[in-house]
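As structure tokens, the structure follows; a few thoughts come after it.
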Amino acid sequence: MIKILFNSFFLLFLAIPAVLAVPPEDDPNAADANRSLQGQVTSVSQFSDVQPTDWAFGALQSLVERYGCIAGYPNSTYRGNRALTRYEFAAGLNACLDRINELIATATSDLVNKQDLAVMQKLQQDFAAELTTLRGRVDTLEAHTATLEAQQFSTTTRLNAQIITAISDSFGDRVGGEDDESRIYFANRGRLNFESSFTGKDLLRVRLEFGNFANSNGVSQIAAATGTGTGMTRLNFDYDSNETLLVPHIRYYFPVSESLNFVVGPTGIGYTDISTTVTPPTIADDGNGVPSLFGSYSPLFRRGGGGAAANWNITKDLVLTLGYLANSPNVPSGSNGLFDGGYNALAHLAYYGKEGAIGIAYSHGYSPGGVPDISAGTGSVLSNAPFGNNIATSNDIVGTQGYYRFSPNFQVHAWGGYIWANAESSGLSDISNGRGGTDSLFVNNGANANVWFGAIGVSFPDVGGRGNLPGILFGIPPHVSNSDIRQERDNAYHIEAFYRYRLNDNISVTPGFWVILNPENDSRNDTQYVGVLRTTFDF
């Protein structure tokens, strides 16, 4: 019987999953077999395309029912008329040799005689090269697997990082001045995100961050808008840690059901970590989207601290986010802590369609005296602190944002909002005059001011090459339109163009340029021109 088995072997296709897991690289049929194999069959009658009248029926029946050497395809076919390669034959032969060795080891020696063994030895010699090649491939895969297991960072934690470097300069006389005080500079920001999952559905992220966006005197670009006198010229990644590695962000996400999940974190949690900006993919990304701070996404989402949020999928396409974030929840002193200091609370309803999305958001916040930041640094000094830095301020913001893809290579996004600011204390306070200085004015408790902002942008994904993203944006930065203390005389206008060029999956280069007309919402100030060459490394 063994002789019949191997004499018929050349005429059959033996599909053995364990061996064919390494198909020949130049053999698409073998790869197809590897993808399509089903479990071991026990009777030839299980094959719908094998009939008793077939000339090889007897040999196939012996292989299936006596030796258990055959497996078929998921649709219960054998495909016996397909061509057989030498690699496939060697794989099948090796499997049948293993099966016969099992029979010998279990003392069923009546199935194997000396003549049969001689046939097996001859076949082993004839196909020694193919068997050696297959074993070598398996050994190589095992070695690679062992290397990956030994060198992987962690079984539950992965590292992803983004390093941004930028060469930038602005042109135009400083706000309220007569000279261009800005100089070309080269700076960087880096983020190392360690992301761990304990259940496969949750996610803990701990971020290490560093950055050196500061001028020669060590004054942060964020605080001073170095050289221009206005935050309207800021980059969206101008982080400064004074050359120190910090842990500014800890976030834990976990679902409790198919439709409800929570986000908690003691520090560095922003609205963008608990909800979405409702902008097209990568537009709002610091390293791959719009380069300017104002242009990347709505100022409404630029607030945060430490706290918690819930996301409820009302339907598959409709998501409601509710969140509360304290400015300094880890500080136990007065005017700080989880509920006794500054805070922001968000309610955001977003609908996601096939080609776009739209969201409506409401935010309520409170800032103790000394740290008001109503427009999140994206607008004028007055729009950030309409009652000056000495007055505690509350704010209510209503905003809408959305985007639509007209085609794979053309999309439009827009956002806008309105802010009601209220003075929560009274006294003398230094109020910005829009020209780089301040005036000392008395503010009554209950004074109010109104601020509005908006922008629209168009972008062209993959134009000029896969992964590229050219785009333009026009917007009106936050502007104090009405106030009991001081309102602004003009509107500033933001006009921006950029082109992200994707060098490969890990590196992109983005030249960007924008113009600020009427900086600080005052036409007496010189127009500001900002240029940047950003290089981003994602890994």
What I want to check is whether the side chains of [X] and [Y] have a donor and an acceptor closer together than 3.5 Å.
X    : Y    : answer
N518 : S523 : no
R500 : T282 : yes
E488 : S380 : yes
S363 : Y271 : yes
N313 : T315 : no
Y343 : N327 : no
N384 : S375 : yes
S481 : N450 : no

What I'd like to find out is whether the side chain of [X] reaches to under 4.5 Å of the side chain of [Y], using heavy atoms alone.
X    : Y    : value
P291 : E496 : yes
Q401 : T279 : no
L469 : T510 : no
W514 : F474 : no
Q528 : F171 : no
I164 : N188 : no

Excluding sequence neighbours, so at least two apart, what forms side chain to side chain contact (heavy atoms under 4.5 Å, CB included) with S367?
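Counting only residues at least two positions away or on another chain, S367 forms a side chain to side chain contact (heavy atoms under 4.5 Å, CB included) with P372.
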Under the side chain to side chain contact (heavy atoms under 4.5 Å, CB included) test, residues paired with N504 that sit two or more places apart
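Checked N504 against side chain to side chain contact (heavy atoms under 4.5 Å, CB included); matches are N506, I507.
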Taking only residues at least two apart or on different chains, which pairs with a member in residues 404-413 satisfy side chain to side chain donor-acceptor pair (under 3.5 Å)?
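Residue pairs passing side chain to side chain donor-acceptor pair (under 3.5 Å), neighbours aside: Q411-S459.
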In Å, rounded to the nearest 0.5 Å, how long is the span from [atom1] of [X] to [atom2] of [Y]?
X    : Y    : atom1 : atom2 : answer
S432 : L382 : OG    : CG    : 5.5 Å
T228 : D180 : OG1   : CG    : 9.5 Å
L517 : D490 : CG    : CG    : 11.0 Å
R524 : N433 : CZ    : CG    : 7.5 Å
S296 : I283 : OG    : CD1   : 9.5 Å
F387 : D430 : CZ    : CG    : 15.0 Å

Let me see the working for I485 and I431 under side chain to side chain contact (heavy atoms under 4.5 Å, CB included), right down to the final yes or no.
CA-CA 9 Å; I485 306 302; I431 310 297; 4.1 Å; yes
Can you tell me if [X] uses its side chain to pair, donor with acceptor, with the backbone of [Y] under 3.5 Å?
X    : Y    : answer
Y324 : L338 : yes
R466 : R502 : no
T267 : G265 : no

Could you give me the CA-CA distance, side-chain angles and deciding distance for Q162 and D286, then say whether side-chain hydrogen bond (donor to acceptor under 3.5 Å, both in side chains) is met?
CA-CA 9 Å; Q162 184 180 78; D286 292 353; over 6 Å; no
In sequence, state the C-alpha distance, the side-chain angles, and the governing distance for Y418 and F453, and then conclude on ring pair (Phe, Tyr, Trp, His ring centres under 6.0 Å).
CA-CA 7 Å; Y418 198 84; F453 55 85; 9.1 Å; no
Criterion side-chain hydrogen bond (donor to acceptor under 3.5 Å, both in side chains) on N395 and N344, from CA distance to verdict:
CA-CA 9 Å; N395 66 85; N344 290 280; 4.7 Å; no
Taking the six-membered ring for Trp, are H364 and Y362 parallel (under 30°), tilted (30 to 60°) or perpendicular (over 60°)?
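Rings of H364 and Y362: parallel, under 30°.
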Give the ring-plane orientation class for F513 versus Y529, where under 30° counts as parallel, over 60° as perpendicular and anything between as tilted.
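Ring orientation of F513 relative to Y529: parallel.
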Can you list everything that forms a salt bridge (charged side-chain N to carboxylate O under 4.0 Å, His left out) with R183? Sequence neighbours excluded, please.
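None.
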Can you sort out the partners of D285 under salt bridge (charged side-chain N to carboxylate O under 4.0 Å, His left out), two or more places apart, ordered by chain and number?
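Testing D285 for salt bridge (charged side-chain N to carboxylate O under 4.0 Å, His left out), a comparison that skips the adjacent residues, returns none.
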Evaluate V509 against T535 for side chain to side chain contact (heavy atoms under 4.5 Å, CB included), listing each step before the verdict.
CA-CA 4 Å; V509 176; T535 303; 4.1 Å; yes
Residues 247-255, side-chain donor-acceptor partners within the protein, below 3.5 Å, at least two apart:
from: H249; atom 1: ND1; to: G268; atom 2: O; distance (Å): 2.7
from: H249; atom 1: NE2; to: R205; atom 2: NE; distance (Å): 3.1
from: H249; atom 1: NE2; to: R205; atom 2: NH2; distance (Å): 3.4
from: R251; atom 1: NE; to: D273; atom 2: O; distance (Å): 2.9
from: R251; atom 1: NH2; to: D273; atom 2: O; distance (Å): 3.2
from: Y252; atom 1: OH; to: D202; atom 2: OD2; distance (Å): 2.7

Would Y493 and I476 satisfy side chain to side chain contact (heavy atoms under 4.5 Å, CB included), going step by step from the backbone distance to the final call?
CA-CA 5 Å; Y493 298 100; I476 298 178; 4.0 Å; yes
I would like to know whether Y499 and N468 meet side-chain hydrogen bond (donor to acceptor under 3.5 Å, both in side chains); could you show each step before the answer?
CA-CA 7 Å; Y499 187 95; N468 293 350; 3.1 Å; yes
